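Please read the structure below before turning to the comments.
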Number of protein chains: 2
Amino acid sequence: MLTSVDTDLLRVLADPLRLQIVTLLARETLCTTHLVEETGARQTNLSNHLKVLRDTGVVETEPCGRFTYYKLRPQVLEQLAGSFAELAATARETELNNTKRACP
Amino acid sequence: MLTSVDTDLLRVLADPLRLQIVTLLARETLCTTHLVEETGARQTNLSNHLKVLRDTGVVETEPCGRFTYYKLRPQVLEQLAGSFAELAATARETELNNTKRACP
DNA sequence: GACTGACGTCAGCATGGGGTGATACTTTCA
DNA sequence: TGAAAGTATCACCCCATGCTGACGTCAGTC
């Protein structure tokens, strides 16, 4: 059975700013101030996107005084990579065997 | 350097119906009529989504008389899987080393 | 306690993009 | 040649969602 990819997760990652956040967080754990500097986006805007990423379980927070650190949860990306790899493998096999349903 | 994921491709795959089409096409090459049967969507709606998938290079067409067969291009999914795997690996390393930028 | 800085929340606005119906085009078949 | 079936295209409506400004909250510092 083919593991279906989570469209909600995809939709969340499909936003350019959110993907930029994810890419930045993959390299190092950052707090909101850093993300404002790096992306050039408004703090409010970032906060909204970070909430979306939090709700989807892509990132998790770690309070540190007045600051809030955001770190990526690698499992989410790993599972996504796995699902796509599986899908690609199935497609390769279909291509190899030329599996095709007959015209009705 | 981190290979950045293509947000346009992600956005295309983030739609439930389009992802369903992709999942179906991964298993076997189908024509529009089959997809209408399988998904229960209107023909016009499917045709629109198939155009999007075509324009992004996710699928390719193969005319067969009155019918049009759609087949998946595995490379696209493979590259996507690779990008996410790389991103996940970077995130794992960051987690392991506890790489964190200091508070300003 | 007053002030400042870091974040979050909320309401409003504007745009993108998905769904649909009408229609056109092409191929097959009687 | 006319009809029917498969598919694509276009115009339109409408809703989801991203961006913003105003404001609230909490922690630290004086």
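So that the names make sense, note that chain A is the first sequence line, chain B the second, and so on, each numbered from 1. These numbers come from a predicted model, not from an experiment.
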inquiry  = Let's see if you can work this out: which of dG18(C), dT9(C), dT7(D) has an atom nearest to the side-chain heavy atoms of R11(B)?
reply    = dG18(C)

query = Which nucleotide sits closest to the side chain of F67(B): dG18(C), dC10(C), dT7(D)?
reply = dT7(D)

H49(A) side chain near dT17(D) phosphate (N/O to OP1/OP2, under 4.0 Å) = no

request  = For T68(B), answer base if it contacts any base atom (sugar-phosphate contacts may also be present), sugar-phosphate if it contacts only those atoms, and nothing otherwise; contact means non-hydrogen atoms under 4.0 Å.
outcome  = sugar-phosphate

query = With sugar-phosphate meaning primed atoms plus P, OP1 and OP2, does R66(A) contact a base, only sugar-phosphate, or nothing at under 4.0 Å between heavy atoms?
reply = base

message = From the set dT7(D), dT20(D), dG18(D), return the single nucleotide nearest to any side-chain atom of R42(A).
response = dT20(D)

task = With heavy atoms under 4.0 Å as the rule, sort T33(A) into base, sugar-phosphate or nothing.
result = sugar-phosphate

ask   = Whole-Å distance between dT17(D) P and R18(A) CZ?
value = 9 Å

query = How long is the line joining CG of L30(B) and C1' of dG6(D), in whole Å?
reply = 15 Å

ask   = Could you state the CD-P distance from Q43(A) to dT25(D), rounded to the nearest angstrom?
value = 16 Å

inquiry  = Within the 4.0 Å heavy-atom criterion, would you say T32(A) contacts the bases, only the backbone, or no part of the nucleic acid?
reply    = sugar-phosphate

query = What is the distance from NE2 of H34(A) to P of dC7(C), rounded to the nearest Å?
reply = 9 Å

request  = Test salt bridge (charged side-chain N to carboxylate O under 4.0 Å, His left out) on E38(B) and R27(B) and set out the steps.
outcome  = CA-CA 13 Å; E38(B) 293 285 340; R27(B) 282 190 273 246; over 6 Å; no

ask   = Touch check for Y70(A), heavy atoms < 4.0 angstrom, all strands: base, sugar-phosphate only, or nothing?
value = sugar-phosphate

ask   = Could you give the CD-to-P distance, from E37(B) to dG6(D), as a whole number of Å?
value = 9 Å

ask   = Checking all strands, does N48(B) fall into the base, sugar-phosphate, or nothing category for heavy-atom contacts under 4.0 angstrom?
value = base

message = Salt bridge check, R73(B) against E95(A): does any charged N sit closer than 4.0 Å to a carboxylate O?
response = no

task = Indicate whether the side chain of H34(B) and that of R101(A) have a donor and an acceptor atom separated by less than 3.5 Å.
result = no

request  = Write down the distance between CG (N45(A)) and P (dG12(C)), rounded to a whole number of angstrom.
outcome  = 19 Å

query = Of N48(B), L53(B), D55(B), which meets side chain to side chain contact (heavy atoms under 4.5 Å, CB included) against K51(B)?
reply = D55(B)

ask   = Side-chain contact, heavy-atom cut-off 4.5 Å: V59(A) with L25(A)?
value = yes

key: Value in whole Å for how far the C1' atom of dA8(D) lies from CG of D55(B)   = 12 Å

message = Without decimals, in angstroms, what is the distance between I21(B) CD1 and dT7(D) P?
response = 13 Å

